[in-house]
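Because the structure is predicted, anything quoted here is derived from the model rather than measured. One-based numbering, in listed order, for ligands and for the atoms of each.
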Amino acid sequence: MKSARTQVPSTRATSCIFFTGPLTGVDLPSTTKFQLATKSPETRGYLCSNCSGNFGPQLKKAGFDALIVEGRADVWTWLVIQDGRVEFRSAEGMLGMMTNAAQDAMKDELGDKKFAAMSIGPAGEKLVRLAYINVDERAFGRGGGGAVMGSKKLKGIAVKGSGTIPVADAARVREIWTDAVKNLKETRANHTKYGTAQYISPINELGCMPTRNFQTTHFEHGDKVDHLVLHDHFRAKNYACFHCSVACGIVAEVKEGPFKGARARTEFENIGLLGPNCGISDFAAIVAANQLCDDLGIDTISGANAVSLVMELYGRGLITDKDTKGIKADFGSPQALIGIIELIGKREGIGDLLAEGMLGVIEKHPEWAAYICHVKGMPYAAYDPRGFYGNALT
Ligand code: SF4
């Protein structure tokens with residue numbers, strides 16, 4: 001059998017296609033979405049991922065419907081796109097930078113904070129198959145898009161446009177926008193107040209919360225990681241995508257304790273998988289782990305699944321401290337949660353194997369397949385398939 005490490009996540013032949021839709025950037029609510037299509041290093045199949053933020057609208061305003069990146073740069077590179085022009089710049093000085101730091105560096109070099117930006121972190125540079133692309137605090141998360149950019153030596157892209165997107169009937173569009181904003185204010189108030197964390201309690205009560213690597217489906221400490229904990233003790237501010245009046249992104253900040261200063265946009269999936277599925281009831285640790293994934297450029301869902309797998313293998317005695325570089329990888333241990341994510345980002349110890357994705361782990365250790373929850377190499381999201389049947393298929 002061919003070992004996982006001998007297969008490069010992406011080749012010169014793999015295109016990385018970012019494309020907008022007809023409504024992206026139009027003056028209507030939440031016209032923020034754009035897509036990534038490429039070959040997935042994680043599943044090794046087709047990858048289509050969508051993302052919010054400000055990048056898609058800016059790309060459109062800069063005069064482009066899509067951006068197709070082909071081939072591979074000789075040196076680490078970043079792109080500047082502005083009003084019909086594309087410029088290649090050296091990213092050699094950005095190597096090793098965390099995702100947000102790289103975006104700040106691009107904007108600093110441009111002397112303009114109004115650029116939208118995307119970037120990969122150290123995980124993408126190291127071709128970790130779980131690497132995501134950070135886009136203005138949003139993400140092309142699943143499937144390893146960050147490793148595709150890494151394989152092209154593309155550290156990031158910044159874009160700004162001054163154009164307008166024409167519509168056939170501007171007055172009617174304005175009318176629709178006004179009605180929609182009013183409707184969203186009434187119907188999505190809880191989304192604004194609590195974000196997607198509001199789903200933690202109902203999913204847990206339904207018995208669909210993945211717990212301790214999907215061994216059970218109800219977390220006994222659900223009330224320590226729910227939307228009220230986020231809202232009452234950690235909420236720092238809301239985050240809104242382009243033209244969105246809902247602003248469902250809630251930035252959490254740890255104000256005291258060993259993780260003081262940690263800051264991340266904690267969503268339902270991140271909380272569920274970094275929390276209950278790793279046996280973690282310490283919300284501050286979840287925020288810190290979320291930030292570490294974001295900074296290193298590791299998708300939180302896939303990264304958390306890798307951590308919970310290690311915890312189960314460790315508990316069953318199938319791996320030891322030698323594999324984990326001394327980390328006591330017990331369920332519920334914040335130190336283990338943080339430590340294993342670091343191993344993946346650095347490709348050290350068992351982290352090097354986990355960086356090959358679930359298919360890579362199974363290729364090396366087929367006897368572990370019974371403990372790995374995935375569909376065609378894509379780890380499960382935080383809706384247990386025993387309740388959400390469709391999640392067992394996609
Ligand atoms: S802020 Fe939330 S609701 Fe608004 S566009 Fe972004 S993801 Fe959607």
Side-chain angles (χ1 to χ4, degrees), residues 18-36 48-61 99-100 103 113-119 132-143 145 159-161 165 167 173-174 176-203 226-228 230-231 234-253 263-274 286-287 290-291 293-294 299-301 381-383:
F18 301 97
F19 53 96
T20 61
L23 290 178
T24 307
V26 168
D27 286 338
L28 282 168
S30 308
T31 48
T32 166
K33 297 287 184 186
F34 72 123
Q35 303 274 334
L36 163 66
C48 183
S49 177
N50 79 61
C51 180
S52 341
N54 193 27
F55 193 101
Q58 288 300 328
L59 184 64
K60 201 85 174 281
K61 286 167 188 268
T99 51
N100 285 319
Q103 288 173 31
K113 295 277 183 206
K114 290 195 174 138
F115 271 80
M118 68 166 75
S119 62
Y132 84 110
I133 304 170
N134 183 304
V135 187
D136 278 337
E137 296 199 49
R138 290 288 179 186
F140 286 117
R142 320 299 318 280
V159 62
K160 196 174 107 174
I165 300 158
V167 291
V173 166
R174 165 64 61 177
I176 293 169
W177 189 0
T178 307
D179 285 352
V181 168
K182 186 165 170 280
N183 176 281
L184 287 168
K185 273 214 158 58
E186 287 162 12
T187 60
R188 297 291 185 275
N190 270 357
H191 227 59
T192 305
K193 190 169 179 187
Y194 298 118
T196 52
Q198 66 183 302
Y199 303 128
I200 292 285
S201 290
I203 297 294
D226 66 10
H227 62 300
L228 295 176
L230 169 60
H231 181 268
F234 292 90
R235 182 187 166 281
K237 63 168 191 173
N238 279 55
Y239 169 88
C241 299
F242 177 81
H243 276 356
C244 181
S245 56
V246 178
C248 77
I250 296 190
V251 178
E253 186 175 88
R263 204 175 156 90
R265 213 173 29 72
T266 40
E267 300 284 349
F268 164 78
E269 300 280 5
N270 310 350
I271 298 169
L273 292 166
L274 292 166
I286 294 171
V287 176
N290 195 152
Q291 180 183 7
C293 285
D294 290 351
D299 173 57
T300 44
I301 297 178
Y383 303 88

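- There is a side-chain donor-acceptor pair under 3.5 Å between Asn290 and Asp294.
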Show your reasoning for whether side chain to side chain contact (heavy atoms under 4.5 Å, CB included) applies to Val246 and Lys185. CA-CA 7 Å; Val246 178; Lys185 273 214 158 58; over 6 Å; no
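- At a threshold of 4.5 Å between non-hydrogen side-chain atoms, the residues Thr24 and Phe242 do not count as touching.
- A salt bridge is defined here as a Lys NZ or Arg NE, NH1 or NH2 lying under 4.0 Å from an Asp or Glu carboxylate O, and Arg138 with Glu267 meets this definition.
- Side-chain polar atoms of Asp136 and Asn54 form no donor-acceptor pair below 3.5 angstrom.
- Counting protein heavy atoms under 4.0 angstrom from atom 8 (Fe) of ligand 1 gives zero.
- Phe18 places none of its side-chain heavy atoms less than 4.5 Å from the side chain of Phe55.
- Within the protein, the number of N/O/S atoms found under 2.8 Å from atom 6 (Fe) of ligand 1 is 1.
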